[in-house]
Protein chains: 2
Amino acid sequence: MPVRPSLPVAGQPQPERADAARNRQKIIEVAARLIDEKGAEQLSLDEVARAAGVGVGTVYRRFGDRCGLLRALIDEHERRFQAAFMNGPPPLGPGAPPAQRITAFLHGLVDRIDQQQALFLALEKGGSGARYGGPYRVYRVHLATLIAQARPGADAGFLADALLAPVNANLLCHQRDERGMTTEDIKNGLTDLATAVTSHHP
Amino acid sequence: MPVRPSLPVAGQPQPERADAARNRQKIIEVAARLIDEKGAEQLSLDEVARAAGVGVGTVYRRFGDRCGLLRALIDEHERRFQAAFMNGPPPLGPGAPPAQRITAFLHGLVDRIDQQQALFLALEKGGSGARYGGPYRVYRVHLATLIAQARPGADAGFLADALLAPVNANLLCHQRDERGMTTEDIKNGLTDLATAVTSHHP
DNA sequence: GAGTTAATCGGAGAGTTCTCCGGTTACGAG
DNA sequence: CTCGTAACCGGAGAACTCTCCGATTAACTC
């Protein structure tokens with residue numbers, strides 16, 4: 001029988017042996033500490049394994065690859081953010097008009113990336129095809145729904161991609177570090193963009 | 001005396017020794033062939049060096065890193081594209097109203113990425129900080145100028161980033177392969193986006 | 001041509017990511 | 001408590017990117 005990859009799907013807890021769970025926890029703790037000390041770019045899975053007292057094979061079995069480990073470190077914040085825009089108070093959560101919710105969401109996403117900038121940068125660098133799976137999918141559906149409410153008839157799915165695309169760690173970093181923009185400049189720009197998209201009459 | 005990196009700046013031909021020029025040419029030819037045969041992702045610089053009959057150090061001396069080699073392979077098309085939107089016939093080149101030029105530019109960029117999709121994908125995967133240098137800078141200035149003409153007072157620089165962000169190989173691939181969108185769908189979406197951005201009255 | 005010098009060459013090697021698989025261990029069944 | 005098995009462990013090793021530096025060679029001067 002083939003070994004299943006055992007990458008746990010979020011929200012669907014998989015039975016995991018006690019030693020495996022212990023190792024997962026230990027690896028996450030060690031990785032978080034090492035990233036604090038030396039930055040996410042410098043994180044070597046070899047080193048994580050050594051510091052956690054496990055073999056490198058164990059790290060890969062638990063997290064699939066380097067990006068998988070980084071995602072695991074991001075996961076908790078992610079859940080909180082998703083809860084905020086799906087069930088939280090307006091204007092981020094339900095209750096406000098779609099255009100306002102879209103703007104609030106984009107601003108929230110900027111703040112969220114800022115919180116764990118180093119991790120997001122490292123994750124985007126890794127690339128892999130998984131960039132548009134998981135959280136991205138959730139964001140996209142959320143935005144597309146709001147856009148469809150504000151502008152029936154438009155290609156809401158594409159516009160969701162278009163609003164999400166400029167909110168990524170690489171670009172944010174570049175805009176701030178090399179272009180001298182502030183977070184407020186960026187948020188203002190996103191407000192303008194979102195307003196233009198939702199209020200456009202073709 | 002420190003060795004200067006000798007990464008040639010485009011358009012500023014640097015005196016290069018005959019053997020060095022020969023090797024650069026040979027490396028580019030071999031790399032192009034290997035990419036045709038096995039795909040850009042599978043391109044190993046070790047293999048390129050062996051097939052070109054040079055040491056691996058030579059490849060790195062010439063092109064700096066993996067991305068540098070990929071950029072060199074992209075370079076010729078790049079020059080043609082830049083010439084087209086800076087000096088070519090309208091609506092891509094000068095002569096058409098800004099809004100139309102913006103749309104034409106975005107459509108042209110989609111086509112351009114399609115032409116060398118594999119290379120762009122590999123280049124984006126590599127990441128590095130150089131993603132916003134070189135061609136990107138040119139695109140950004142071009143778009144920002146046009147946007148400033150269409151909508152004086154707006155943050156044209158940011159909006160240029162925002163229009164460029166959704167036009168990248170990773171997203172285009174994703175939209176087509178996993179979402180079933182056609183190139184036409186994407187271009188229509190970009191037209192809508194550009195129109196919204198340039199005709200918005202705050 | 002011969003000499004000088006600085007750019008170039010090439011391969012050994014360090015540091016990574018990820019794979020593979022023989023040996024080990026947790027845990028439910030009896 | 002014992003046993004059987006599926007899941008897990010860990011480290012050797014393959015493949016890769018990139019660095020370093022002694023040996024080599026192109027190109028300019030005389």
Side-chain angles (χ1 to χ4, degrees), chain A residues 1-8 13-27 30-31 34-35 38-72 122-123 125-130, chain B residues 1-8 13-27 30-31 34-35 38-72 122-123 125-130:
Chain A
M1 190 188 294
V3 174
R4 94 193 110 87
S6 98
L7 283 173
Q14 218 150 342
E16 198 172 53
R17 246 171 59 170
D19 51 349
R22 214 163 30 232
N23 280 336
R24 149 170 289 126
Q25 195 53 36
K26 183 98 193 211
I27 289 168
V30 166
L34 286 178
I35 284 179
K38 314 175 26 180
E41 313 276 329
Q42 305 301 324
L43 187 71
S44 145
L45 295 215
D46 238 336
E47 193 183 0
V48 170
R50 229 177 308 127
V54 302
V56 82
T58 302
V59 178
Y60 282 92
R61 169 172 292 274
R62 282 298 130 238
F63 299 99
D65 62 5
R66 186 190 165 78
C67 288
L69 177 54
L70 296 178
R71 272 194 299 270
L123 204 47
K125 191 164 187 174
S128 74
Chain B
M1 189 187 294
V3 175
R4 94 191 111 89
S6 99
L7 285 173
Q14 217 152 339
E16 197 171 55
R17 246 168 60 169
D19 51 349
R22 216 164 28 232
N23 281 336
R24 149 171 287 126
Q25 196 53 37
K26 181 101 193 207
I27 289 167
V30 166
L34 286 179
I35 285 178
K38 314 175 24 181
E41 313 275 329
Q42 305 301 322
L43 187 71
S44 146
L45 295 217
D46 237 336
E47 193 183 0
V48 171
R50 229 177 309 128
V54 303
V56 84
T58 302
V59 180
Y60 282 93
R61 169 171 291 276
R62 281 296 131 240
F63 299 99
D65 62 4
R66 184 190 166 79
C67 288
L69 177 55
L70 296 178
R71 272 194 298 271
L123 204 48
K125 191 164 186 172
S128 74

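Below, chains carry the letters A, B, ... as their sequence lines are ordered, and counting in each starts from 1.
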Rounded to whole Å, how long is the line connecting atom [atom1] of [X] with atom [atom2] of [N]?
{"X": "E47(B)", "N": "dA14(D)", "atom1": "CD", "atom2": "P", "answer": "18 Å"}
{"X": "R62(B)", "N": "dA7(C)", "atom1": "CZ", "atom2": "P", "answer": "12 Å"}
{"X": "R24(A)", "N": "dA7(D)", "atom1": "CZ", "atom2": "P", "answer": "15 Å"}
{"X": "F63(A)", "N": "dT19(C)", "atom1": "CZ", "atom2": "P", "answer": "16 Å"}
{"X": "R50(A)", "N": "dC9(D)", "atom1": "CZ", "atom2": "P", "answer": "19 Å"}
{"X": "L34(B)", "N": "dC16(D)", "atom1": "CG", "atom2": "P", "answer": "12 Å"}
{"X": "E41(A)", "N": "dG15(C)", "atom1": "CD", "atom2": "P", "answer": "19 Å"}

Minimum-distance pair of heavy atoms, taken over all atoms of [X] and [Y]:
{"X": "L70(B)", "Y": "A122(B)", "value": "CD1-CB, 3.8 Å"}
{"X": "C67(A)", "Y": "L123(A)", "value": "O-CD1, 3.7 Å"}
{"X": "A20(A)", "Y": "R62(A)", "value": "CB-NH2, 3.2 Å"}
{"X": "A49(B)", "Y": "V59(B)", "value": "CB-CG2, 3.8 Å"}
{"X": "K38(A)", "Y": "Q42(A)", "value": "O-CG, 3.3 Å"}

Checklist entry - Does a nitrogen or oxygen in the side chain of N23(B) sit under 4.0 Å from OP1 or OP2 of dC9(C)? => result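 The answer is yes; a side-chain N or O of N23(B) sits under 4.0 Å from OP1 or OP2.
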Checklist entry - Would you say S44(A) reaches dG15(C)'s phosphate, i.e. side-chain N/O to OP1/OP2 under 4.0 Å? => result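 Result: no.
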Item to check | F63(A) six-ring centre to R71(A) NZ/CZ under 6.0 Å and within 45° of normal | outcome: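 Checked: cation-pi criterion not met.
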For nucleotides 18-23 of chain D, give me every protein contact, N/O to N/O, under 3.5 Å, one pair per line with atom names.
unit_1, atom_1, unit_2, atom_2, d
dC18(D), OP2, R66(B), N, 2.9

Using the 3.5 Å cut-off, write out each protein N or O paired with an N or O of nucleotides 24-26 of chain D and the distance between them.
unit_1, atom_1, unit_2, atom_2, d
dA26(D), O4', R17(B), NE, 3.4
dA26(D), O4', R17(B), NH2, 3.4

Next on the checklist: Using a 3.5 Å distance criterion without hydrogens, assess whether the side chain of R66(B) forms a donor-acceptor pair with backbone atoms of L43(B).
Outcome noted: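 A pair under 3.5 Å: yes.
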Give [X] one of three labels, base, sugar-phosphate or nothing, depending on what nucleic acid heavy atoms sit under 4.0 Å from its own.
{"X": "T58(B)", "result": "base"}
{"X": "L43(A)", "result": "sugar-phosphate"}
{"X": "G68(B)", "result": "nothing"}

Checklist entry - Does the side chain of V54(B) come within less than 4.5 Å of K26(B)'s, by heavy atoms? => result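 No; the side chains remain at least 4.5 Å from each other.
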Item to check | Non-neighbouring partners of D19(B) that pass salt bridge (charged side-chain N to carboxylate O under 4.0 Å, His left out), sequence neighbours left out | outcome: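 Partners of D19(B) under the salt bridge (charged side-chain N to carboxylate O under 4.0 Å, His left out) test: R17(B).
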